[in-house]
Amino acid sequence: MITSFSSLRSLVPVLIVLALLALVPLMGPSNRFLSLAISAGINIIALYGLSVLFGQTGILSMGHAALVGVGAYTAALLARDFDIGFWFSIPVAGIMAAVVAAVIGIPSLRVSGHHFVIMTFAFGQLLTIVLTNGGEYTGAASGLDMSKPVTLLGSDIGDLQNFYLLVIAFVTISAVASWAIINSSYGRTLRAIRENEKLAAAIGINVGRHKIGAFVVSGVFAGVSGVLLAYFLRHISPGQFASFPSIYLALMVMIGGARLLLGPLAGGILVSFLPEVLNLDPVQSRILYGVCLIAVILFLPNGLIAGLADGWSKLMGASRRRAVTASAVSEAGQ
Amino acid sequence: MPGRQLLEGKSSRVTDGEQHRDGTVDILLQQILNGLSIASVITLIAVGVTLIFGLTGIINFAHGEFLMVGSIVTWLAVSNGMSFPVALVLGVLAVAIMGLVLERAIFRFTLERPTNGFIVSLGLIVVLQHVVILFWNANQKSIPRPLTTVWEIAGVRIASVRVMVILMTIAVVVMTYVMITRSRYGRALRASVEDRDTAALMGIPVRRYITGVFVLGSALAGLGGGLLIALFPITPFTGGTMVMKGFAVALIGGLGNLTGAVAAGLILGIVEGFSAGYGFSEWTDAYSFGLMILVLLFRPHGLFGGTSGPKMA
């Protein structure tokens, strides 16, 4: 609730953080750091979509990586079969992922919430099976290569530094888009559904349609992030979009906190860089993620950033802020 | 990954000498038997899933990992020289204890918000999978077949190990069913599913029943795991596909509906068997999801009607 009503105040810290991150290439970072930062950024774009769905509407998609996959395969197929490059792939992949989201959402969101979670998870599995069995067209289990470079005004901007800046730009756009949705009357409608579905329906909100709408919107973010992923990795395969990556995305959004605008950014960065900082191998770091996720849910159900903010305001002891915390706690208790 | 794993399991079956027969009818019958034996394991998961969901509203996706842990314990016991029945009992016990610990330590704190229970279960998937990988690596694990006899009846070859899996599942499911429909504990359980608050007012220790159902569901998953590794090699990723099918079966039958889950498991087993018999085995994993989507489209509460979870005050 802290961010929902203070509109510009929530956007400014995000823009400052992103502006600082855009300066990183000046410090001559290693290629490894840049690659990690790029994949974190690509995830963050999808996370902003997920935060509209989960943070605002209160429904969780467990197949979000599959929608990223729809975007990535769209980009790869467009490049291979129609010689269409990066910039035109972005809208097409966004629309494709949105259409797929609608197709999944229409049957599953009209019934109650838990069906949706299972359906999205199943969709992730189904997509992996279809892509693996797709033969020549989808490159089967080994996947597809992306041969086209990313060009801007006719020149190749595919090197790591430029790609990093490109990703930062897209992260900024998605943060602003997510902010605009949160602070629009549409965002208010979605929050009304999150807080009390029956009440929302009683005051004339078409709950089913808006839930599907929120899923479609989050699909656009996922599709765009998929295009960036395909152009960054230059090779995509079905395994990248199966169930674990979806859990991973949900984990990031939960750790960062889905309701705050800073949440996806913090979650994406933390989850991507923590193993690097602690020097863990992939197996250990995944165990750590799992434990973190469980701990966050049990102790900080609104995410790390909201938890820290709560702790801070408790420390400050200002009575007004205590009231805010109390309302946040009671909200968490619902 | 898990999908591919199951396919490898299927191709290894061909070399067992069960399928080198002519005539499509024989092969079809064998495939249906194969389908039913896998469907047995899936039904065991589905029953656990459907019971836990019916009582707590928690969608426990880690149920597949419970199954995988059951397989791993069975595998460890058999590799250390124990006989299969002992190993199976150990697997069931280990997973039941794990379920008890996890319910007491984690899931009971998420009862008020089932969505949180669901997210916690996702964390558990990751933790359990990778703890197993950490200690026993990610490679495929198998045990020698506990029963090697193959009966031949009118040209149809029937592997006794499959029959054992099917019979054990039937026995356990019937026992669970009788317990739930006939005993006073079962009546209390059904009352708790119907209305938790009123049941508590009637003096039913609902919290204890929730723990009990978690332990029962976990034990069934452990049994499923032990039976699964008797049929196929498994990997730490096997749980993912199995739990999805378990959920598909539970949803097709109607979440919270035990009879529905069993009937849907039967349907899925026959459909998968037919499809493998007609040479579409690479699509086998897709049917459960396809069926589930169709059922949700036309009968959102399952073929046999289910609950929509516990009524929340």
Side-chain angles (χ1 to χ4, degrees), chain A residues 54 58-60 62 103-104 106-108 110-119 121-130 132-133 140-141 238-239 242-244 246-248 250-251 253-255 281-299 301 332-334, chain B residues 1-4 7 53 57-59 61 105-106 109-110 112-131 133-134 137-138 237 240-241 243-245 247-248 250-251 255 280 282-286 288-290 292-298 300-301 308-309 312:
Chain A
F54 181 60
I59 45 184
L60 185 58
M62 283 316 303
V103 170
I104 311 164
I106 288 168
S108 46
R110 285 199 288 197
V111 289
S112 52
H114 50 263
H115 286 103
F116 178 70
V117 163
I118 300 173
M119 285 284 282
F121 202 86
F123 165 70
Q125 302 266 11
L126 206 55
L127 185 81
T128 317
I129 297 172
V130 169
T132 311
N133 290 341
S243 49
F244 186 77
S246 290
I247 297 180
Y248 195 68
L251 168 70
V253 88
M254 294 304 304
I255 286 183
D281 68 43
V283 172
Q284 289 168 334
S285 57
R286 284 182 174 191
I287 295 176
L288 181 72
Y289 292 153
V291 172
C292 285
L293 179 63
I294 296 170
V296 164
I297 291 295
L298 292 184
F299 304 117
Q334 276 169 20
Chain B
M1 281 300 154
R4 206 176 306 153
L7 292 184
F53 176 82
I58 291 175
I59 298 174
F61 256 119
I106 297 175
F109 298 110
T110 64
E112 298 305 314
R113 288 181 109 190
T115 318
N116 282 354
F118 164 68
I119 299 167
V120 162
S121 80
L122 296 179
L124 271 180
I125 291 183
V126 179
V127 173
L128 290 174
Q129 258 181 19
H130 290 90
V131 166
I133 293 173
L134 196 64
N137 73 46
F237 302 107
T241 323
V243 79
M244 271 325 302
K245 290 190 175 185
F247 266 106
L251 267 179
L255 268 175
F280 298 105
E282 77 268 29
W283 288 99
T284 309
D285 289 340
S288 44
F289 308 135
M292 177 173 89
I293 291 169
L294 281 180
V295 166
L296 280 186
L297 266 177
F298 297 109
H301 290 288
S308 41
M312 289 294 169

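Letters A, B, ... mirror the listed sequences (proteins, then strands); counts begin at 1. Hydrogens, waters and symmetry mates play no part in the numbers below; they use all other heavy atoms, side chains included. Worth saying up front: this structure is predicted, and the values here are computed from it rather than measured.
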_Atom group of A/I247 that falls short of 4.5 Å from chain B, counting heavy atoms_ = side chain

*State which residues pass ring-ring contact (aromatic ring centres under 6.0 Å, His included) with B/F61; sequence neighbours excluded, sorted by chain then number.*
A/F121, B/F118, B/F247

*asked:* Let me confirm one number: the CG-CD1 distance from B/L124 to A/I294, rounded to the nearest 0.5 Å.
replied: 4.0 Å

*Given the options B/I125, B/V127, B/I119, which has more heavy-atom pairs under 4.5 Å with chain A than any of the others?*
B/I119

_Please report the interatomic distance CG(A/L298) to OG1(B/T110), rounded to the nearest 0.5 Å._
7.5 Å

*If you take all heavy atoms of A/R286 and B/V126, which pair is closest and at what distance?*
O-CG1, 3.1 Å

*Going from CD1 on B/I133 to CD on A/Q284, what distance comes out if it is rounded to the nearest 0.5 angstrom?*
12.5 Å

